[in-house]
Amino acid sequence: MKILFLTHSFNSLAQRLYIELTRRGHEVSIEFDINDAVTTQAVELYRPELIVAPFLKRAIPEVLWRNHVCFVVHPGIVGDRGPSALDWAIMRDCAEWGVTVLQASGEMDAGDIWAAETFPMRLAKKSSLYRNEVAEAAVRAVLAAVERFCNRNCSLDQTQCDLPKSVRPELVEGYVHTAQVVRQAHHERPNDQSGFKPQPLDYSRPEVLGRLHTPIRQADRTIDWQCDDTRTVLRKIHAADGFPGVLDTLCGEAYYLFDACAEGTLRGSQPGAIIAQRNGAICRATRDGAVWIGHLKRKTEGELALKLPATMALGEHPGDVPEAPLDPFAPCSDETYRDIWFEQKNNVGYLHFAFYNGAMSSAQCTRLREAYLAATQREVRVIVLLGGADFWSNGIHLNCIEAAASPADESWRNINAMNDLTRAIATTTTQLTIAALQGNAGAGGVFLSLAADHVYARAGVVFNPHYKGMGNLYGSEYWTYLLPRRVGEARATTLTQNRLPIGATEAQEMGLIDNCFGAERKDFLAKIAQLAEGLAVSPDYPTLLQHKVARRERDEREKPLEAYRAEELQHMKLNFYGFDPSYHVARYNFVYKIPHAWTPLYLARHRRIGS
């Protein structure tokens, strides 16, 4: 079936849905929702059988929803309507939330319901919930809705599918009480989709307890440091994570707060005061504890501002704030802020690096390399590189680069720090290594993972193994060595030129990774531990390590790693310092979130056909 994605941007959810639908044989083309005229033209060019809106910031034009079936993916339970749905769910401390696929109509989020899924909430950043629970629920709901749409013409006159009557009102506070709503009806007759009719939204039905809500305002998010407890502070910042942040005052100036976590030990006498700093984050006292704030964005009038590590955003202000260092190898049972830490179980070492949004600055690359080299000196036979729960790595830190006095010079420092880290992993001779991707990976982060001996990914992980979308950036991290040895030269060229995401299943099929498994993170981690510990005690371990060392020596004789690096960096030097400013323009647009003026042709297949 021909499906057109109408979306504000090709974000993580849109990418995941694109992968899932194309995997099932659908032809998917993408159009950014720029204005009504451009959107209408896209529909005329492509003539889709179905329009899906994974991520919109405005209403679909009437001329489209009156003449085409348009699915809207709404991050809320049945009956929830309005913007900031997930924000409100976090703020209200809902125990369960959901995703609804509804048909666009004249009323925002009030169209007929094609599918809905629910999930248990956890105390986490909005961006983390969106990339995990929301994404998984959206995949299930969209696939169900698309299947029903495909099959419904077989028997349009059959009876309407009723909503279930089972409700658990105790699960959600406030105006929303439902824990289920339509999931049961959607799964009771999995083999009988042909007679499905979408369910009109009917607030008179007792099981439909979502409601229309107003847009959330900064006044709703305001932290009262004297009165709010730690959990309330965390909820408020979590609900605004990603965008727009919580407006607050620090050092006499206005900043938006992001990237919060609890602190279990440090305390301060004045709620709101900065009491410590660590690796770019600041710790602020609360009335009953403390919280870490990892990132800030200065509030400016009439000019753009960057989201940056907190101490970088504050400049000289936190100079007299004491450091609270934390050894990555020290046992730590209390909640606290740490972006790199190491755990050991038997003969396996687990190295975590949970960098915000997967971006790795020059300093973070250096610290991670030092931690990795220290891990190789410990009594372990296998080292597992776990990244973070939400991202494995997305490569160089574009925001820190943009904020530097010379973005070109900082780009050069950052890519060389990434290369040093990649080389350290690729040249390890004393352990076998596993890259275990719990979360998505992009650009240099993908190729960093290929430096490990084995690469495994959670089933829902999305890979973007390319750089060209960032102003035709050539890339480094030894990708010209690491990628072809896994997928071959032809496939390597295709992957890096196409600029499209691929799923974990496709990555396994082409040999980019060794395997994928575990829809749930806990299942994935359990399987990784089983594989790593099995490898560490395998009687074949000495032979495997010997073969690894021999292969590296053979490859080095054929072409030294330094030669790959030099060739890649020659291209990168032109990207950073040459006459073509494409990388710098693309980076600027990316970090400041400049709206798209058009949809790139590699996404808009209908415009390639039309041209």
Side-chain angles (χ1 to χ4, degrees), residues 342-353 368 371-373 375-376 378 380-389 391-393 421-441 444-463 465 477-479 481-488 491-492 495 502-518 521 523-555 561:
F342 181 87
E343 298 171 317
Q344 184 171 340
K345 182 178 180 183
N346 300 323
N347 290 322
V348 179
Y350 299 89
L351 184 59
H352 303 256
F353 44 102
L368 181 55
Y372 176 79
L373 291 175
T376 64
R378 300 177 79 87
V380 293
R381 305 184 94 192
V382 176
I383 297 176
V384 181
L385 303 165
L386 278 164
F391 293 98
W392 201 81
S393 169
L421 171 62
T422 308
R423 183 186 179 94
I425 298 168
T427 57
T428 299
T429 58
T430 50
Q431 285 91 10
L432 295 177
T433 55
I434 295 174
L437 282 70
Q438 308 171 64
N440 297 347
V446 175
F447 306 115
L448 175 65
S449 73
L450 303 188
D453 303 316
H454 304 278
V455 186
Y456 301 109
R458 187 173 56 79
V461 162
V462 174
F463 293 83
E477 293 97 3
Y478 302 92
W479 77 263
Y481 166 65
L482 297 170
L483 183 59
R485 74 171 184 168
R486 274 195 164 265
V487 302
R491 178 81 72 175
L495 283 173
I502 61 172
T505 299
E506 290 73 21
Q508 178 190 349
E509 289 171 351
M510 69 177 64
L512 183 68
I513 65 175
D514 296 298
N515 203 351
C516 64
F517 41 79
R521 179 170 171 263
D523 298 330
F524 174 73
L525 293 177
K527 180 67 173 178
I528 286 294
Q530 179 185 0
L531 289 169
E533 294 195 24
L535 189 59
V537 299
S538 170
D540 296 329
Y541 179 89
T543 303
L544 292 171
L545 188 61
Q546 185 180 15
H547 286 169
K548 166 187 172 172
V549 173
R551 180 186 182 186
R552 177 83 281 281
E553 291 174 349
R554 184 173 64 252
D555 289 352
L561 277 179

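All values below come from the heavy atoms of this structure, side chains included, with hydrogens, waters and symmetry mates left out. All residue numbers refer to positions in the sequence shown, counting from 1.
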Review point. Between Val348 and Val384, does a side-chain contact (heavy atoms from CB on, under 4.5 Å) hold up when you go through it step by step?
Key: CA-CA 7 Å; Val348 179; Val384 181; 3.8 Å; yes
Using side-chain heavy atoms (C-beta onward) and a distance below 4.5 Å, is [X] in contact with [Y]?
X	Y	result
Phe463	Leu495	no
Arg485	Arg551	yes
Leu483	Pro465	no
Ile502	Met510	yes
Leu448	Leu421	yes
Leu512	Val455	no
Tyr350	Lys345	yes
Thr422	Leu482	yes

Closest non-hydrogen atom pair, [X] against [Y]:
X	Y	result
Ile513	Cys516	CD1-CB, 4.2 Å
Ala452	Ile434	CB-C, 4.0 Å
Leu437	Ser449	CD1-CB, 4.0 Å
Ala375	Phe342	CB-CE1, 3.6 Å
Tyr372	Ala424	CE2-O, 3.5 Å
Leu351	Ala371	CD1-CB, 4.2 Å

Between the side chain of [X] and the main-chain N/O of [Y], is any donor-acceptor distance below 3.5 Å?
X	Y	value
Ser538	Gly534	no
Trp392	Leu385	yes
Arg486	Gly511	yes
Gln431	Thr376	yes

Exercise for review: Check the side chains of Arg521 and Gln438 for a donor-acceptor pair under 3.5 angstrom, ignoring hydrogens and angles.
Suggested key: yes
Check your understanding: Does the cation-pi check pass for Arg381 over Tyr541, that is, NZ or CZ under 6.0 Å from the six-membered ring centre and within 45° of its axis?
Key -> yes
What distance separates [X] [atom1] from [Y] [atom2], expressed to the nearest 0.5 Å?
X	Y	atom1	atom2	answer
Ser393	Leu368	OG	CG	9.0 Å
Glu553	Thr429	CD	OG1	9.0 Å
Asp540	Leu545	CG	CG	12.5 Å
Arg378	Ile383	CZ	CD1	10.5 Å
Arg423	Thr428	CZ	OG1	11.0 Å
Asn515	Gln508	CG	CD	4.5 Å

Review point. Is there a side-chain contact (heavy atoms from CB on, under 4.5 Å) between Leu544 and Leu535 once you walk through the steps?
Key: CA-CA 9 Å; Leu544 292 171; Leu535 189 59; 3.7 Å; yes
**Study point:** Test of ring centre spacing under 6.0 Å for Phe447 and Tyr478
**Key:** no
Check your understanding: Between Val382 and Thr433, is a side-chain contact (heavy atoms from CB on, under 4.5 Å) present by the stated rule, with each step listed?
Key -> CA-CA 6 Å; Val382 176; Thr433 55; over 6 Å; no
Review point. Using 30° and 60° as the class limits, which term best fits the ring planes of Phe517 and Tyr456: parallel, tilted or perpendicular?
Key: tilted
Check your understanding: Around atom CZ of Arg491, are there more than 12 heavy atoms of other residues, nucleotides or ligands at under 6.0 Å?
Key -> no
Check your understanding: More than 12 foreign heavy atoms under 6.0 Å from NZ of Lys548: is that the case here?
Key -> yes
Review point. Any salt bridge between Asp453 and Arg552, counting N to O under 4.0 Å?
Key: no
Point to revise | Verdict with supporting geometry, Asn347 and Glu533, side-chain contact (heavy atoms from CB on, under 4.5 Å) | key: CA-CA 7 Å; Asn347 290 322; Glu533 294 195 24; over 6 Å; no
